[in-house]
Amino acid sequence: MMRYWLIILGMGLVTYAVRLSIIAFSGRGDVPPAVRRALRFVPPAVLTALAAPAIIRPEGVVNLSVTNIQLIAGSVAALVAWKTRSALFTIAVGMAMLWTLRAVLH
Amino acid sequence: MLLGVLPFGLIYGALALQAGIPPMAALAMSSIVLAGSAQFVGTQLFAVGAPGALIILTTFVVNLRHMLYSASVAPYLSRLRLRWKLLLAYLLSDEAYAMVITHYREKETQSGSRAVPQSRNDESELDQRHWFFLGAGVTLWTTWQVSTALGIYVGARIPESWNLEFALPLTFVALVRPAVTDRATAAAAIAAGMVAVLAHGLALRLGLIMAAVTGIGIGILTERHPPRAPRP
């Protein structure tokens with residue numbers, strides 16, 4: 001039991017250290033313009049990278065055919081996100097689409 | 001966002017229990033580490049009896065991407081007191097980052113100002129933004145704890161065919177929309193998405209870091225080389 005607590009504490013510490021790393025040094029002088037330009041691309045890059053694998057290779061292999069229901073549901077959800085800009089609506093339509101396709105195909 | 005997080009906490013709770021982690025320790029991991037993917041990987045390592053140092057090292061590598069988040073939000077937090085920075089850094093999960101940066105960007109476009117307020121007028125509103133960060137962070141933290149606890153007790157009984165875990169990628173899809181504002185950000189998103197898909201097989205979520213770095217590089221290049229004006 002003690003082993004679990006020590007390891008979990010260690011996991012928490014390294015995670016916190018990474019999250020705090022740059023924030024802790026902010027405020028000591030301005031961010032260089034080149035860095036600021038680069039940081040602008042962190043949100044679009046990271047958010048897409050977090051979402052894409054679960055949609056394009058849901059079973060572990062790349063699947064761009066109609067048998068990939070996650071791809072169809074994800075594409076419809078992306079379209080909804082583009083048009084409505086509503087997160088709630090995007091998730092609702094995406095999940096409903098996934099369940100419908102699953103019910104039709106199985 | 002909460003809709004996306006909830007199923008993951010459920011699944012994590014159920015898996016942690018299956019891996020033989022005591023319920024209290026599984027809950028403690030959610031409150032101390034507060035990082036979905038690292039907790040999933042850690043749970044797998046616990047299950048196979050991996051040494052503690054390896055589990056901690058793996059957590060570090062899996063969470064390296066948070067250094068990018070730290071750099072990304074740092075300009076907005078630069079004027080805060082140290083205790084605010086210490087608190088907000090703890091809450092900076094994937095999901096909190098996604099919500100907070102979206103909020104900061106929207107406020108920025110509305111007021112037309114940069115991260116650091118230029119005038120007194122901006123300042124009053126911009127100075128409240130860390131409260132949004134705190135609110136989002138605490139709400140996500142609470143959701144993560146509640147869903148972990150639920151997962152420990154009922155998670156194993158939720159049928160896999162519901163695909164509840166798909167709600168999280170959908171949430172990120174929804175948040176990409178406000179992050180893509182011009183040609184360069186669109187290029188960054190597309191490049192990162194492609195690399196993430198191709199490199200997904202890499203261990204320790206290294207593919208995600210590769211994808212992010214590629215996306216940032218492509219974004220910078222696209223910005224530097226605007227489309228040529230059509231010849232007359």
Side-chain angles (χ1 to χ4, degrees), chain A residues 1 3-12 14-16 18-27 30-31 35-58 60 62 70 73-74 77-78 81-82 85-88 90-91 94-95 98-99 102, chain B residues 1 3-4 21-22 25 28-29 32-33 35 38 42 52 55-56 59-60 63-68 70-75 77-79 85 89-90 92 94 98 101 163 166-167 169-180 185 188-189 192-193 196-197 200 208 211-212 215-216 219-220:
Chain A
M1 190 67 197
R3 184 179 115 86
Y4 284 111
W5 288 101
L6 284 176
I7 297 173
I8 288 168
L9 206 64
M11 292 171 74
V14 294
T15 304
Y16 185 57
V18 171
R19 287 176 181 168
L20 185 62
S21 57
I22 317 274
I23 292 175
F25 292 106
S26 65
D30 273 343
V31 185
V35 175
R36 185 175 290 173
R37 266 202 300 281
L39 290 178
R40 188 165 88 84
F41 299 109
V42 175
V46 166
L47 295 171
T48 314
L50 283 169
I55 291 167
I56 295 176
R57 45 193 298 182
V62 177
Q70 276 87 352
W82 228 252
R85 292 177 174 246
S86 153
L88 198 64
T90 303
I91 298 169
M95 288 309 290
L98 187 75
W99 289 331
R102 184 174 271 277
Chain B
M1 197 76 233
L3 280 176
I21 299 175
M29 208 200 292
I32 295 173
V33 184
I55 300 180
I56 294 170
T59 305
F60 175 72
N63 281 338
L64 264 182
R65 65 181 185 285
H66 288 106
M67 201 176 276
L68 279 174
S70 187
S72 178
V73 297
L77 307 182
S78 60
R79 299 175 131 225
K85 292 179 183 174
Y90 164 65
L92 189 61
D94 287 316
I101 200 69
N163 286 98
F166 194 59
L170 287 177
T171 314
F172 292 124
V173 166
L175 290 170
V176 168
R177 176 65 190 98
V180 172
T185 41
V197 168
H200 191 57
L208 194 64
I216 294 165
I220 294 170

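Every chain is numbered from 1, with letters handed out A, B, ... down the list of sequences. If you're wondering where the values come from, they're calculated on a predicted model, not measured in any experiment.
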### Query
When only pairs under 4.5 Å are counted, which of B/Arg177, B/His66, B/Met29, B/Met67 shares the most heavy-atom pairs with chain A?
B/Arg177

### Query
Do the side chain of A/Arg37 and the main chain of B/Ile220 share a donor and acceptor less than 3.5 angstrom apart?
no

### Message
Which one wins on heavy-atom pair count under 4.5 Å against chain A: B/Ala196, B/Ala212, B/Ala192, B/Ala89?
### Response
B/Ala89

### Query
Considering only heavy atoms, which portion of A/Ile56 lies under 4.5 Å from any heavy atom of chain B: side chain, backbone, both, or neither?
side chain

### Task
Among the options A/Leu6, A/Leu20, A/Leu9, A/Val46, pick out the one with the most heavy-atom pairs lying under 4.5 Å from chain B.
A/Leu20

### Query
Quick one: does A/Arg40's side chain get under 4.5 Å of B/Thr185's, heavy atoms only?
yes

### Message
Side chains of A/Ile23 and B/Leu92, heavy atoms from C-beta outward: is any pair under 4.5 Å?
### Response
yes

### Task
Select, from B/Ala25, B/Gly42, B/Ala35, B/Ala211, the one with the greatest count of heavy-atom pairs under 4.5 Å involving chain A.
B/Ala25

### Query
Under a 4.5 Å heavy-atom cutoff, which of B/Asn63, B/Ile32, B/Ile216 has the most pairs with chain A?
B/Ile216

### Query
Most heavy-atom pairs under 4.5 angstrom with chain A, which of B/Ala71, B/Pro22, B/Ser70, B/Ser72?
B/Ser70

### Query
Would a 4.5 Å heavy-atom cut-off, applied to side chains only, mark A/Thr48 and B/Val180 as touching?
no

### Most contacts with chain B, counted as non-hydrogen pairs under 4.5 angstrom, among A/Pro53, A/Gly10, A/Ala78, A/Ala52
A/Pro53

### Message
Heavy-atom pairs under 4.5 Å with chain B: which of A/Ala51, A/Pro44, A/Pro58, A/Gly12 has the most?
### Response
A/Pro44

### Task
Please state whether the side chain, the backbone, both or neither of A/Trp99 comes within less than 4.5 Å of a heavy atom of chain B.
side chain

### Message
If you compare all heavy atoms of B/Ile56 against all heavy atoms of A/Met11, which two are closest, and at what distance to 0.1 Å?
### Response
CG1-N, 4.0 Å

### Task
Under 4.5 Å heavy-atom distance to chain A, tell me which part of B/Val176 shows up: side chain, backbone, both or neither.
both

### Query
Distance from B/Ile55 atom CD1 to A/Tyr4 atom OH, nearest 0.5 Å?
8.5 Å

### Task
Between chain B and each of A/Pro43, A/Ala73, A/Ala38, A/Ala77, count heavy-atom pairs under 4.5 Å; write down the option with the most.
A/Pro43

### Query
Got a sec: does the OH of B/Tyr90 have more than 12 other heavy atoms crowding it under 6.0 Å?
yes

## Note on the structure
Heaviest contributor of heavy-atom pairs below 4.5 Å to chain B, chosen from A/Ile55, A/Thr90, A/Thr15, A/Val18, is A/Val18

## Note on the structure
Cut-off 4.5 Å, heavy atoms of chain B, and the answer for A/Val62 is side chain

### Query
Looking at B/Ala28, B/Ala189, B/Gly193, B/Ala188, which has the largest count of heavy-atom pairs under 4.5 Å with chain A?
B/Ala189

### Query
Rounded to the nearest 0.5 Å, how far does CZ of B/Phe166 lie from CG of A/Leu98?
5.5 Å

#### Entry: Spatial distance of atom CZ (B/Arg79) from atom NZ (B/Lys85) [nearest 0.5 Å]
11.5 Å

